[in-house]
> 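Take this structure, written in structure tokens, and hold onto it; I'll ask about it next.
Each ligand, and each atom within it, is numbered from 1 in the order the structure gives. Note that the coordinates shown come from a computational prediction; the quantities given were computed from them, not determined experimentally.
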Amino acid sequence: MTYKASDRLAGKVAVVTGASSGIGQGIAIAMGQAGAKVVINYHSDAAGARQTQQQIEKAGGEAIIRQADVAKPEEAQELIEAAKEQFGAVDILVNNAGVQQDQAFLEMTLEEWKKVIDTNLTGHFLCAQAAAREFAKRQVKQEEKTCAGNIIFISSVHDIIPWAGRANYTAAKGGLQMLMKTLAQELAKYKIRVNAISPGAIKTDINRKEWESEEGRKKMLAQIPYGRIGEPEDIAKVALWLATDEADYITGSTIYVDGGMTLFPSFSE
Ligand code: NAD
């Protein structure tokens, strides 16, 4: 995964959760190659985190690695502290960490429910709060065309598309939608921008079983009017742009990056 090295985020510090694989890895690399200093968070895949770091360093960038479970308050806080200690500040939080634990609703255990809600919703709340408390200390005048800090949630098209067998996942992503909007509204006075990117089907570990089989791929493509399964780069490019001042007037928005999955493709014929 290589992006054109640039200075679009020079002088900025980004924390990216779940950055040892998939979409988070793509975003961390894109931001690092655009000049941001990056805190690469991983949960269990240290080797994946090192790969992310190597890609950033190859482009002349700087990144550190921190293990943390975003669902644990003190560990979420430590990610923000690490950015401050190592790089002197934090400017961008990409709340990306996420899991799936699929189960028919009638069979779903409280543990399966909690696992997904804890990581995909509570973990995002904890990291956002830790970052926002830092951003809120900054004095940026309302009329300036730059922000005091930037929070990007990686949500999902399943913040609006129901998905049988994944009540935990859709509830978390639907919850993120209102968490994002409420934070955008509440934190605008501090000049903190808060937005979400909702990916469609992107080739990563989370859905590997589906896109690796011919039948699974066909099923996925039937849901994608644009006719291709997405790659982490498709999301990373949007996240990078959203983190720059080019997107300064955008807050409280969800950008669907989904090849048209949210266009009700089954109605196209
Ligand atoms: P992935 O499995 O490659 O990445 C998920 C990452 O989150 C992993 O690195 C994992 O270690 C990390 N993680 C899990 N629990 C964690 C915890 N408690 N603390 C810290 N990190 C933790 O899959 P991905 O597709 O790259 O997923 C990234 C995000 O994108 C998720 O929020 C997912 O819901 C969302 N998403 C993915 C797709 C897709 O099609 N791939 C579509 C929509 C949304």
> Just wondering, do M220 and N207 contact through their side chains at under 4.5 Å, heavy atoms?
yes
> Under 4.0 Å, heavy-atom basis, I'd like to know which part of Y42 is in contact with ligand 1: side chain, backbone, both or neither.
neither
> Of the protein's non-hydrogen atoms, which lies at the shortest distance from atom 9 (O) of ligand 1, and what is that distance?
S21 OG, 3.0 Å
> Is the CD atom of Q139 crowded by more than 12 outside heavy atoms at less than 6.0 Å?
no
> Please tell me if the side chains of L242 and I255 come closer than 4.5 Å, counting only heavy atoms from C-beta onward.
yes
> Taking the side chain as every heavy atom from C-beta outward, state whether I197 and I152 have any pair of such atoms under 4.5 Å apart.
yes
> If you have a sec, work out which protein heavy atom is nearest atom 5 (C) of ligand 1 and how many Å separate them, to one decimal?
G98 O, 3.5 Å
> Answer whether the closest heavy-atom distance between the side chains of Y169 and V99 falls below 4.5 Å.
no
> Should the proximity of A201 to ligand 1, defined as any heavy atom under 4.0 Å, be assigned to the side chain, the backbone, both, or neither?
backbone
> Quick check on contacts: which atoms of ligand 1 are under 4.0 angstrom from a heavy atom of V99?
14 (C), 15 (N)
> Can you tell me which residue and heavy atom of the protein come closest to atom 11 (O) of ligand 1, and the distance to 0.1 Å?
H43 CB, 3.8 Å
> Run the numbers for me: atoms of ligand 1, each under 4.0 Å from some heavy atom of G200, listed by number.
38 (C), 39 (C), 40 (O), 42 (C), 43 (C)
> Check this for me: does any side-chain nitrogen of one of K37 and D91 sit under 4.0 Å from a carboxylate oxygen of the other?
no
> Does the residue G123 have a heavy-atom contact with ligand 1, meaning some pair of atoms that are separated by less than 4.0 Å?
no
> I'd like to check which ligand 1 atoms, numbered from 1 as shown, lie under 4.0 Å from a non-hydrogen atom of N41.
20 (C), 21 (N)
> At what distance is the nearest protein heavy atom to atom 6 (C) of ligand 1, and which residue and atom is it?
G18 O, 3.8 Å
> Taking atom CD of Q185 as the centre, does the number of heavy atoms from other residues, nucleotides or ligands within less than 6.0 Å exceed 12?
no
> Could you say whether the N/O atoms of N96 and ligand 1 ever approach to under 3.5 Å?
yes
> Go through the structure and list residues passing side chain to side chain donor-acceptor pair (under 3.5 Å) with Q223, not counting sequence neighbours.
none
> List every atom of ligand 1 that sits less than 4.0 Å from any heavy atom of N207, numbering the atoms from 1 in the order shown and giving each element.
39 (C), 40 (O), 41 (N)
> Does D45 reach ligand 1, in the sense of a heavy atom lying below 4.0 Å from it?
no
> Identify whether the distance between the nearest side-chain nitrogen and carboxylate oxygen of E134 and K84 falls below 4.0 Å.
yes
> Flag I23 as yes when one of its N or O atoms lies below 3.5 Å from any N or O atom of ligand 1, and as no otherwise.
yes
> Quick one: does A68 get within less than 4.0 Å of ligand 1, heavy atoms only?
yes
> Under 4.0 Å from any heavy atom of G22, which atoms of ligand 1 are there?
3 (O), 26 (O)
> Is it the case that more than 12 heavy atoms not belonging to E212 sit under 6.0 Å from its CD atom?
yes
> Do me a favour and list the nearest non-hydrogen protein atom to atom 25 (O) of ligand 1 with residue, atom name and distance?
T204 OG1, 2.6 Å
> Under a 4.0 angstrom heavy-atom cut-off, which atoms of ligand 1 come close to S20?
9 (O)
> How about I229 and I202: do any of their side-chain heavy atoms sit closer than 4.5 Å?
no
> Please list the nearest protein heavy atom to atom 27 (O) of ligand 1 with its residue and the distance rounded to 0.1 Å.
I206 CD1, 4.1 Å
> Under 4.0 angstrom from ligand 1, any heavy atom of S44?
no
> Measuring only between side-chain heavy atoms, which start at C-beta, is E210 closer than 4.5 Å to K219?
no
> Scan L179, N195, N120 and name whichever one has a side chain to side chain contact (heavy atoms under 4.5 Å, CB included) with F153.
L179
> Nearest non-hydrogen contact with atom 44 (C) of ligand 1 belongs to which option: A19, G230, S155?
S155
> Less than 4.0 Å between a side-chain N and a carboxylate O, is that true for D248 and K145?
no
> How far is atom 19 (N) of ligand 1 from its nearest protein heavy atom, and which residue and atom name does that atom have?
V70 N, 3.0 Å
> With a 4.5 Å heavy-atom cut-off, do Q86 and V39 have their side chains touching?
no
> Near D69, which atoms of ligand 1 are under 4.0 Å from a heavy atom of that residue?
17 (C), 18 (N), 19 (N)
> Has ligand 1 got any nitrogen or oxygen that is less than 3.5 angstrom from a nitrogen or oxygen of I202?
yes
> Under a 4.0 angstrom heavy-atom cut-off, which atoms of ligand 1 come close to T119?
15 (N), 16 (C), 17 (C), 18 (N)
> Would you mind checking which non-hydrogen protein atom is closest to atom 36 (N) of ligand 1, with the distance to 0.1 Å?
Y169 OH, 3.7 Å
> Any nitrogen or oxygen of K173, side chain or backbone, less than 3.5 Å from one on ligand 1?
yes
> Do V38 and E62 come within less than 4.5 Å of each other through their side chains, counting heavy atoms only?
no
